[in-house]
2 protein chains.
Amino acid sequence: MSSQTVHPGTGIPARRKQSAKGSQRHIDPGAEIGLDALAGHAGYAVRRFQLWIFQDFIRTLAAVDIKPTQYSVLTVIGANPGLSQMAVAKRLGIERARLVHLLDSLERRRLVKRVQSATDRRSHALHLTAQGQESLRKFKRLAAEHERHVSDKIGKENRERLLQILSCFT
Amino acid sequence: MSSQTVHPGTGIPARRKQSAKGSQRHIDPGAEIGLDALAGHAGYAVRRFQLWIFQDFIRTLAAVDIKPTQYSVLTVIGANPGLSQMAVAKRLGIERARLVHLLDSLERRRLVKRVQSATDRRSHALHLTAQGQESLRKFKRLAAEHERHVSDKIGKENRERLLQILSCFT
DNA sequence: GAACAATTGTTGTCGTCAACAACAATCTTT
DNA sequence: AAAGATTGTTGTTGACGACAACAATTGTTC
């Protein structure tokens, strides 16, 4: 029962608990609680960061009611008009079943249109409407503002370093 | 209509589309599709990375049937025995309503026990069982193996840089 | 000390999301 | 032409975050 003071991988000693069982009354909760091995796990840090970054994105683009997934779909279609739903789904790593509902919503808002493909009558060629192209430019300006929030939070150079480290996943 | 060729923040030019509308037949899907501004967004990269890292964690710890959230709860309780549910929830950023079900599951598996607090009869003091402490040591070994997978994927030094950049979120 | 407000654990609902499975229409292969 | 694969669609399931309500208990205020 002494192996949980230090965890393998990183040499970070576990913060010693100041309360074996009692005396957590009147203590500001969530202030002096050690994470032990968790502090050395990339997954935990990334999860917390992703939560923060998505919340900020949603808040920054709340006025136009565009969420991260919708933004990614619009951006890819805008850069590659004529793509099929399958191609978009694979490129963005979302299921084609889910993309159906996303496109339904975007099509109802007149941002995207499904055009019958000339070469494959099973698939739809995806395009932005004129309104969609105009709106996307506005979305990109707001997204750039969100990205500045990220820079303010972790630092401009750290943000670029992060993008470089994770470039193999995009 | 020229603002989407280059996005602000990074100097990465948008990959020019090679297919205005046709000729995506017989093309390996998801191979030559540009992301445009998406490549410069930290949120997108982080989301893809988190997906990968969680899948690897779940796969690596599949034999013991422990998922990331469960592991985080066990680790925090192991390092801070006697904590209340509220304190654990706040520390990990999960809702106390959700922690109830997590603890129900962990208690059924005899890894955690809820002890009536001596100082506050509303709250429960959380402890690992003897079996829970033993199991957690095994979980940590497997989690360290998962962390090695991360190092293999993005590089050992990049992983440590990442942890340092995101340390303000842990 | 009694009344009121705040906290803790619990239960429930709602909306989002990933992971599947099944299906009809269509394309490809043999 | 027949068999198999692909595309879009619909549906289900389970995990998850957010939120509201509630009983029991504690803290605060008069």
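First the proteins, then the strands, lettered A, B, ... as listed; each starts at 1.
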- Start at the 5' end of DNA chain C and walk down; is the nucleotide closest to A:Thr69 or to B:His101 reached first?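 This one resolves to B:His101.
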To the nearest Å, how far apart are [X] [atom1] and [N] [atom2]?
| X | N | atom1 | atom2 | answer |
| --- | --- | --- | --- | --- |
| A:Trp52 | D:dG17 | CH2 | C1' | 19 Å |
| A:Glu107 | D:dG8 | CD | C1' | 13 Å |
| A:Glu95 | C:dC20 | CD | P | 7 Å |
| B:Lys90 | C:dA6 | NZ | C1' | 12 Å |
| B:Phe57 | D:dA15 | CZ | P | 16 Å |
| A:Arg121 | C:dA24 | CZ | P | 18 Å |
| B:Ile94 | D:dA15 | CD1 | C1' | 13 Å |
| B:His124 | D:dA24 | NE2 | P | 14 Å |

- Query: Taking a hydrophobic cluster as the set of Ile, Leu, Val, Met, Phe, Trp and Tyr residues connected by side-chain heavy atoms closer than 4.5 Å, whether directly or through intermediates, do A:Leu162 and A:Tyr44 fall within one such cluster?
  - Reply: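 Looking at the clustering, A:Tyr44 is in a separate group from A:Leu162.
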Output the single nucleotide from [options] whose closest atom is nearest the side chain of [X].
| X | options | value |
| --- | --- | --- |
| B:Ser84 | D:dG8, C:dT26, C:dG9 | C:dG9 |
| B:Ser123 | C:dT8, C:dA18, D:dT10 | C:dT8 |
| B:Gln85 | C:dT10, C:dC27, D:dT9 | C:dT10 |
| A:Arg98 | C:dG9, C:dC17, D:dA20 | C:dC17 |

- Message: Between the side chains of A:Lys156 and A:Glu160, is the shortest nitrogen-to-carboxylate-oxygen separation below 4.0 Å, so that they form an ion pair?
- Response: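 Answer for the salt bridge query: yes.
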- Item | Salt-bridge present (A:Arg109, A:Asp104; N to O < 4.0 Å) |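 The answer is no: the pair does not qualify as a salt bridge.
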- Task: Answer with base, sugar-phosphate or nothing: what part of the nucleic acid does A:Gln55 contact at a heavy-atom distance below 4.0 Å?
- Result: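 Here A:Gln55 touches the backbone only, sparing every base.
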- Query: Can you say whether the rings of A:Trp52 and A:Phe49 are parallel (under 30°), tilted (30 to 60°) or perpendicular (over 60°)?
  - Reply: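 Parallel: the ring planes of A:Trp52 and A:Phe49 meet at under 30°.
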- Message: Distance criterion of 3.5 Å, no angle test: do you see the side chain of B:Arg122 paired donor-to-acceptor with the base of C:dT7?
- Response: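 Yes, a donor-acceptor pair under 3.5 Å.
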- What about A:Arg96, does its side chain sit under 3.5 Å from the base of D:dG8 through a donor-acceptor pair?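 Side chain to base: pair found, below 3.5 Å.
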- Is B:Arg47 near enough to C:dA18 that one of its side-chain N or O atoms lies under 4.0 angstrom from OP1 or OP2?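 Checking C:dA18 against B:Arg47, a side-chain N or O does come within under 4.0 Å of OP1 or OP2.
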- Message: Is B:Arg114 close enough to C:dT8 that one of its side-chain N or O atoms is under 4.0 Å from OP1 or OP2 there?
- Response: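 Answer is no, no contact under 4.0 Å.
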- Task: Determine the minimum heavy-atom distance between B:Arg114 and B:Val100, stating which atoms define it.
- Result: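 Heavy-atom minimum between the residues: NH2-O, 3.9 Å.
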